[in-house]
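Some notes on the structure that comes next.
The figures that follow rest on heavy atoms only: side chains count, while hydrogens, waters and symmetry mates do not. Convention: sequence-line order gives letters A, B, ...; per-chain numbering from 1.
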Protein chains: 4
Amino acid sequence: MKVCGMQSRERILAAAEEVFASKGLRGARVDEIAARAQINKRMLYHYFQSKEDLYTAVLKANFERALAATSQASKSKEDPREQAVEAIKTYFYFLARNPNYARLVSWEALEGGLYARRVLPPIWEEGLPRLKAILEDGMAKGVFRTDLDVRQVLTSVNTLCISYFTQKDILAILWQDDPTRPENLEKRLKHILDLVLRSILLIKG
Amino acid sequence: MKVCGMQSRERILAAAEEVFASKGLRGARVDEIAARAQINKRMLYHYFQSKEDLYTAVLKANFERALAATSQASKSKEDPREQAVEAIKTYFYFLARNPNYARLVSWEALEGGLYARRVLPPIWEEGLPRLKAILEDGMAKGVFRTDLDVRQVLTSVNTLCISYFTQKDILAILWQDDPTRPENLEKRLKHILDLVLRSILLIKG
Amino acid sequence: MKVCGMQSRERILAAAEEVFASKGLRGARVDEIAARAQINKRMLYHYFQSKEDLYTAVLKANFERALAATSQASKSKEDPREQAVEAIKTYFYFLARNPNYARLVSWEALEGGLYARRVLPPIWEEGLPRLKAILEDGMAKGVFRTDLDVRQVLTSVNTLCISYFTQKDILAILWQDDPTRPENLEKRLKHILDLVLRSILLIKG
Amino acid sequence: MKVCGMQSRERILAAAEEVFASKGLRGARVDEIAARAQINKRMLYHYFQSKEDLYTAVLKANFERALAATSQASKSKEDPREQAVEAIKTYFYFLARNPNYARLVSWEALEGGLYARRVLPPIWEEGLPRLKAILEDGMAKGVFRTDLDVRQVLTSVNTLCISYFTQKDILAILWQDDPTRPENLEKRLKHILDLVLRSILLIKG
DNA sequence: GATGAATGAGAATTCATTCAT
DNA sequence: GATGAATGAATTCTCATTCAT
């Protein structure tokens, strides 16, 4: 019985992404992935060598999607400040629209980054590359503080954005509210931008 | 053969903390815990009802330790600004000295916080309670901006501190340096304090 | 994409012979055979009913080849002694040139001879038939000892020749030398002939 | 439910020997071994790391048994001829009493000797060491031909003995008789001794 | 003739947990 | 308190065979 629409390989990848994001590599079950993809478990091994191989493919696809979504951000703006705002905004909303991404990255980080590191060094190492360029440009142009530790700033921005989504279950309980509601997303983004801009701008506006 | 020193129960807890922190609830193996604790696996079930029960005990002990370490911080200071600095510093160095804590909390968050929530609501919900009080006090005293969203600030401080430790494997690769070296810890703490203070202080000093 | 030269059926048989000889019926994989034959796995089932059916065809072809190669041996000679030498030589060099044969026969023997027995009784039972006739002729003519147990001699000759090839991997290690090098083949054949002739000739020459 | 008598580990080894001898490493099923040993499959992995590890243990035990059974043979005799007879006899009857040995060795040889080689080189390489010493001694004493190729003789004796047992299924069909009946065993041994002695003795008696 | 995708039955291995002593 | 042996259910992966085109 053939299921129409997406081809098998695509369906497997999509199902695997959901399950790996939800439970991590260790917690994910091949059976669950196969069931979700509506394929025979055997087919999974037709398209991928192993659970790990499939996981790696999912990671790779996600990193590439993230890179594609963020690499062009803010190219239209001229002012470093506006560019930084645009870059962070783009990243934040990419995470909001792709909830699997933040979780995959977080599981992977806790597991030591073995898989990401092994097969995806170029992508993984890029981490917010657009923002890095903007910061350096802004520092050169005298818009941003010149004593910025770019590493620290990048680490903080990444963390401030990503953790919001990986911790949403817990924030939901603490706040008794859904952190992913549009208003809450906006509030969070506003807070992050405020935090970051106050810290990097040379003269406070 | 009896192993002297710590009693069995304590050794089990210590071993379990290491293993759960390293691999999460799902990835941890009861056999490995027993082996590390140098006890027969059966004894583990003498002291704890199940793997989950043991995990819960480990979580509880960790939260209590965190609370104890941070709840008294900055009681000696009077100035809200200094108190905030002291509170963040205390939390940050607690994390540095207790690397298992950040990892346990992160695994738990990714798993949905089921165990933490079920048995430890009072502790879990406290989340940086001391800092919350300080912020509110500082706002009342006119030292901090009055339009602060305390929730957002707490979330950010927590994230900025904790993620540094959960991502240390990956940062080590990106930076080609050990993020937990004393100098690097200081740099990170300085950056976090700078970021947060610039954001919460009413008038920049 | 059609691969020219040998037709599909022939290529399947050739590939199957290699794989069955190398790994036995149980160890052989249909996938590997199809890949080697450069055909779609489905075609294999077009030409043969099952893996066992293919295996049987391979066995049959091999027995027929062995029979053809040895049945005419030594017909030109008159002296039973020379005929025996010629028969053994022919068999030995057939095995040297057809390394798959000895292995197929050995796997089959260990598996109980089920397939060979079931479909190829006439061929299988012949076992060195030419030599049997020569021995009986030589005994009648007073050239060979008359108290020979023909069964035993046939069994021994067969074994002495075949095992050399099935054990070549192990001999290679023990001897630190390649048993299939021309010089080594000659040495072995000379030894076998010496062993057998000393045993069957009435008067030692 | 505990099964008395042999301990679990011994029962597993005994069952595994039967199954591996009967079907080879590849054909053997862990389930069948566990069932025969009357243990839970899980226990098998308690005592042995893997199927391969168990197989290796079986091989090792068999080689050691063979060595123990044959290494002392013919120590009481003085005459090289009698010693050779005794050594071959001992080996032949060891094989008759331990039908698993010949089959294990033959499967292993066909598989390339990977396992035997990897873990048991000293034993494996000994192969009929007693007979080798006897032959050399006999040559030195002028009892055996001095142009003997010891390698060839050892290979032949080994093959003549072992193959009789690995091919017994096929011989049973060809002969319409049970090759392992005492009379048949004696006949075979007599034939082998006749073959070998005629070949190695300097002067025929 | 030819093909890529599909499948159910089973293979080895792992795991948390408990029994007998 | 302490222990070695035992277990059933699950988990990843494999294989010969067939379907739809």
Side-chain angles (χ1 to χ4, degrees), chain A residues 1-3 7-9 11-12 25-34 37-54, chain B residues 1-3 7-9 25-34 38-55, chain C residues 1-3 7-9 25-34 38-55, chain D residues 1-3 7-9 11-12 25-34 37-54:
Chain A
M1 153 209 45
K2 261 205 180 160
V3 181
Q7 291 313 308
S8 294
R9 193 170 191 284
R11 286 210 316 283
I12 295 171
L25 172 57
R26 273 174 160 130
R29 295 288 159 248
V30 169
D31 281 295
E32 189 183 349
I33 294 173
Q38 290 181 270
I39 49 126
N40 183 287
K41 203 186 354 176
R42 182 65 188 78
M43 285 314 290
L44 198 152
Y45 290 93
H46 180 70
Y47 291 109
F48 302 93
Q49 294 193 329
S50 65
K51 187 185 177 183
E52 278 74 22
D53 185 40
L54 173 56
Chain B
M1 159 204 45
K2 262 200 183 165
V3 180
Q7 289 313 306
S8 294
R9 192 172 192 281
L25 170 57
R26 274 176 158 128
R29 297 287 159 251
V30 170
D31 281 287
E32 189 183 349
I33 295 173
Q38 290 181 270
I39 49 121
N40 185 283
K41 211 181 351 175
R42 187 63 189 81
M43 286 313 293
L44 197 151
Y45 288 94
H46 179 72
Y47 290 110
F48 302 93
Q49 294 191 330
S50 66
K51 187 186 179 184
E52 279 73 22
D53 185 38
L54 173 56
Y55 175 70
Chain C
M1 156 204 46
K2 264 203 180 162
V3 180
Q7 289 314 307
S8 295
R9 193 171 192 282
L25 171 56
R26 274 175 158 129
R29 296 290 158 250
V30 170
D31 281 287
E32 190 183 348
I33 294 172
Q38 291 182 271
I39 49 121
N40 184 282
K41 211 183 350 177
R42 187 64 189 79
M43 285 313 294
L44 198 153
Y45 288 93
H46 180 72
Y47 289 110
F48 302 93
Q49 293 191 332
S50 65
K51 187 186 178 184
E52 279 74 20
D53 185 38
L54 173 57
Y55 175 71
Chain D
M1 157 206 45
K2 261 205 181 159
V3 181
Q7 291 312 310
S8 294
R9 193 171 190 282
R11 286 211 317 283
I12 294 172
L25 171 56
R26 274 176 158 128
R29 295 288 159 249
V30 169
D31 280 294
E32 188 182 349
I33 294 172
Q38 290 181 271
I39 50 127
N40 184 287
K41 202 185 356 175
R42 183 65 188 79
M43 285 314 290
L44 198 152
Y45 290 93
H46 180 70
Y47 291 109
F48 301 93
Q49 293 193 331
S50 65
K51 186 184 177 184
E52 278 73 22
D53 185 40
L54 174 55

Are OP1 or OP2 of [N] and a side-chain N or O of [X] less than 4.0 angstrom apart?
{"X": "B:Ser8", "N": "F:dG1", "result": "no"}
{"X": "D:His46", "N": "F:dA5", "result": "yes"}
{"X": "A:Tyr47", "N": "E:dG4", "result": "no"}

Exercise for the section: Describe the nucleic acid contact of D:Phe48 in one word from base, sugar-phosphate, nothing, applying a heavy-atom distance below 4.0 Å. Expected result: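 Nothing, no nucleic acid heavy atom in range.
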Problem - Heavy atoms of other groups near A:Gln49 CD, more than 12 under 6.0 Å - result: no
Problem - D:Tyr45 and D:Val30: CA distance, side-chain angles, deciding distance, side-chain contact (heavy atoms from CB on, under 4.5 Å) verdict - result: CA-CA 10 Å; D:Tyr45 290 93; D:Val30 169; 3.9 Å; yes
Problem - F:dG8 pairs with, by Watson-Crick or G-U criteria that keep both distances under 3.5 Å - result: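 Across all strands, the one nucleotide that pairs with F:dG8 is E:dC15.
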Practice task
Quick one: look up who E:dT21 pairs with, Watson-Crick or G-U, both distances under 3.5 Å, and put none if it's unpaired.
Solution key: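 E:dT21 is paired with F:dA2.
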Exercise for the section: With sequence neighbours left out, write down each residue that passes salt bridge (charged side-chain N to carboxylate O under 4.0 Å, His left out) with C:Arg26, or none if nothing qualifies. Expected result: C:Glu111
Practice task
By nearest nucleotide on DNA chain F, pick out whichever of A:Gln49 and D:Ile39 is the more 5' one.
Solution key: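 Final value for this comparison: D:Ile39.
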Exercise for the section: Check whether any side-chain heavy atom of D:Ile33 sits under 4.5 Å from a side-chain heavy atom of D:Lys41, and report yes or no. Expected result: no
Can you tabulate the close N/O pairs, meaning under 3.5 Å, that link protein atoms to atoms of nucleotides 8-12 of chain E?
unit_1, atom_1, unit_2, atom_2, d
E:dG8, N7, A:Asn40, ND2, 3.3
E:dA12, OP1, D:Val30, N, 3.1
E:dA12, OP1, D:Lys51, NZ, 3.4
E:dA12, OP2, D:Val30, N, 3.3

